[in-house]
J.: 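The structure is given below, and queries will be raised subsequently.
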Amino acid sequence: MPELPEVETVREGLERHVLGRTVREVTVTHPRAVRRHAAGAADLAARLAGSRFVTASRRGKYLWLALSGPGDGEALVVHLGMSGQLLVQPAHAPDPAHLHVRIRFEDGAGELRFVDQRTFGGLLVDTLVPAADRPVEHLPSLVAHIARDPLDPRFDERLFTARLRRRDSPLKRALLDQTLVSGIGNIYADESLWRARLHGERRAASLPRAAAGVLLGHVRDVLGEALRAGGTSFDALYVNVNGRGGYFERSLAVYGREGLPCPRCAAPIRRIAFANRSSFFCPSCQRPPRRPAR
DNA sequence: TATTTAACCTGGACGC
DNA sequence: TGCGTCCAGGTTAAAT
């Protein structure tokens, strides 16, 4: 399931394999994959044709390829959702299951394919606008509301801590809020909270400033380690552009480990339903708050 | 305004 | 074997 490390791994792959290449033709075989492109599949294809991909960027779990040529000032924006994959494959390779968008290039070499089993992901062409906190930086208008991620050199730690400590909501819900801090999904939220020995139901506003800083440090560590491992793969739903999965799942302490011993204290890991998700935690290391946030 | 909930979606796992 | 149900979860519109 793609979170920041997985999306960044894909971005790096795109940088290596599609930058500098000019789009010849785009074929959309599943309209849901481009549902966020309001003008429809034909318009998306027309906007991309003849344009060249010049940069591969990311904000949180969104990534985009800026265009030059006919699409100058616009970008192809991609969100992988839960199961989306961007694959660079030879044109003669058989179509994978759930292939929704195919992008062929003028050079006739390997094509870019968007594959998505659960269809939560998608593509669109969007206008680039100046970033609110740094107008010299441009990003798609769709992405403008997404906060910087903790690995971004321009991530404002003091602003994050202040905003976190104003939240009257559970800590884990705050970590998952992409307008507060981006790139963290269910897996890395659980892992970061475990490392910080904090329970996800604790009220964010109850966290002392120092503890918020420690938590952020653990978030950075978890994301950084996962990035170096090439991300986390479950059920083969996440792969990089070459179709290979990541290895970070071997390092998970709590996520998906219900009933198994906590690596720190050996207490059995518990799973609870939280915000329409599963939360995994150690009931011994991560004491539930006496008064959980709503 | 701030926060929470539900819906979107598919396929694998599981129970009967 | 076949059917029904549950579960996974990022985002956002709608509800509270």
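Each chain gets a letter, A, B and so on, in the order its sequence line appears, and its residues count up from 1. Given the structure is predicted, the values throughout are model-derived calculations rather than measurements.
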J.: Which part of the nucleic acid does A/R271 contact within heavy-atom distance under 4.0 Å: base, sugar-phosphate only, or nothing?
T.: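 Sugar-phosphate only.
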J.: Just compare B/dT3, B/dC8, B/dT10 and give me whichever is closest to any side-chain atom of A/S169.
T.: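 Between B/dT3, B/dC8, B/dT10, the one nearest the side chain of A/S169 would be B/dT3.
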J.: Are OP1 or OP2 of C/dT11 and a side-chain N or O of A/Q178 less than 4.0 angstrom apart?
T.: yes
J.: Can you list the steps and then say if A/D43 with A/R47 is a salt bridge (Lys or Arg N to Asp or Glu O under 4.0 Å)?
T.: CA-CA 6 Å; A/D43 181 80; A/R47 281 172 183 272; 2.6 Å; yes
J.: Where the side chain of A/N186 is concerned, which of B/dA6, B/dT10, C/dG10 is the nearest nucleotide?
T.: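 Closest of the options to the side chain of A/N186: C/dG10.
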J.: Do the side chains of A/R203 and A/D168 get close enough for a salt bridge, i.e. N-O under 4.0 angstrom?
T.: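 Salt bridge: yes.
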J.: Side chain of A/N276 only, heavy atoms from C-beta on: which candidate in B/dT10, B/dT4, B/dA6 is closest?
T.: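 Side chain of A/N276 sits closest to B/dA6.
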J.: Spell out yes or no: do the side chain of A/R277 and the base of C/dT11 have one donor N/O and one acceptor N/O closer than 3.5 Å?
T.: yes
J.: What pairs with A/R36 under side-chain hydrogen bond (donor to acceptor under 3.5 Å, both in side chains), at least two apart in sequence or on another chain?
T.: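 A/R36 satisfies side-chain hydrogen bond (donor to acceptor under 3.5 Å, both in side chains) with A/Y62 once adjacent residues are dropped.
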J.: In terms of side-chain heavy atoms of A/E3, which of B/dC9, B/dT5, C/dG10 is nearest?
T.: C/dG10
J.: Can you tell me how far OG of A/S57 sits from CZ of A/R11, rounded to the nearest 0.5 angstrom?
T.: 7.0 Å
J.: Does the side chain of A/R167 get closer than 4.0 angstrom to OP1 or OP2 of B/dA2 through an N or O atom?
T.: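 No, A/R167 has no side-chain N/O under 4.0 Å of OP1/OP2 on B/dA2.
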J.: Look at A/H98 and B/dT10 and indicate whether a side-chain polar atom (N or O) is within less than 4.0 Å of OP1 or OP2.
T.: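 Negative; the distance criterion is not met.
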J.: Just to confirm, is there a sub-4.0 Å distance from OP1 or OP2 of C/dA8 to any side-chain nitrogen or oxygen of A/S278?
T.: yes
J.: Consider the side chain of A/P170, meaning its heavy atoms from C-beta on, and name the nucleotide among C/dG10, B/dT4, B/dT5 that approaches it most closely.
T.: B/dT4
J.: Where do N or O atoms of nucleotides 12-16 of chain C meet protein N or O atoms at under 3.5 Å, pair by pair?
T.:
from, atom 1, to, atom 2, distance (Å)
C/dT12, OP1, A/R36, NH2, 2.4
C/dT12, OP1, A/Y62, OH, 2.9
C/dT12, OP2, A/H145, NE2, 3.4

J.: If you measure only the distance, is there a donor-acceptor pair under 3.5 Å linking the side chains of A/D116 and A/S83?
T.: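 Yes, a side-chain donor-acceptor pair sits under 3.5 Å.
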J.: Angle class for the A/F105/A/F53 ring planes (parallel below 30°, perpendicular above 60°, tilted otherwise)?
T.: perpendicular
J.: Can you check whether A/R118 has a side-chain N or O nearer than 4.0 Å to OP1 or OP2 of C/dG10?
T.: no
J.: Are the side chains of A/I103 and A/L76 in touch, meaning some heavy atoms are under 4.5 Å apart?
T.: yes
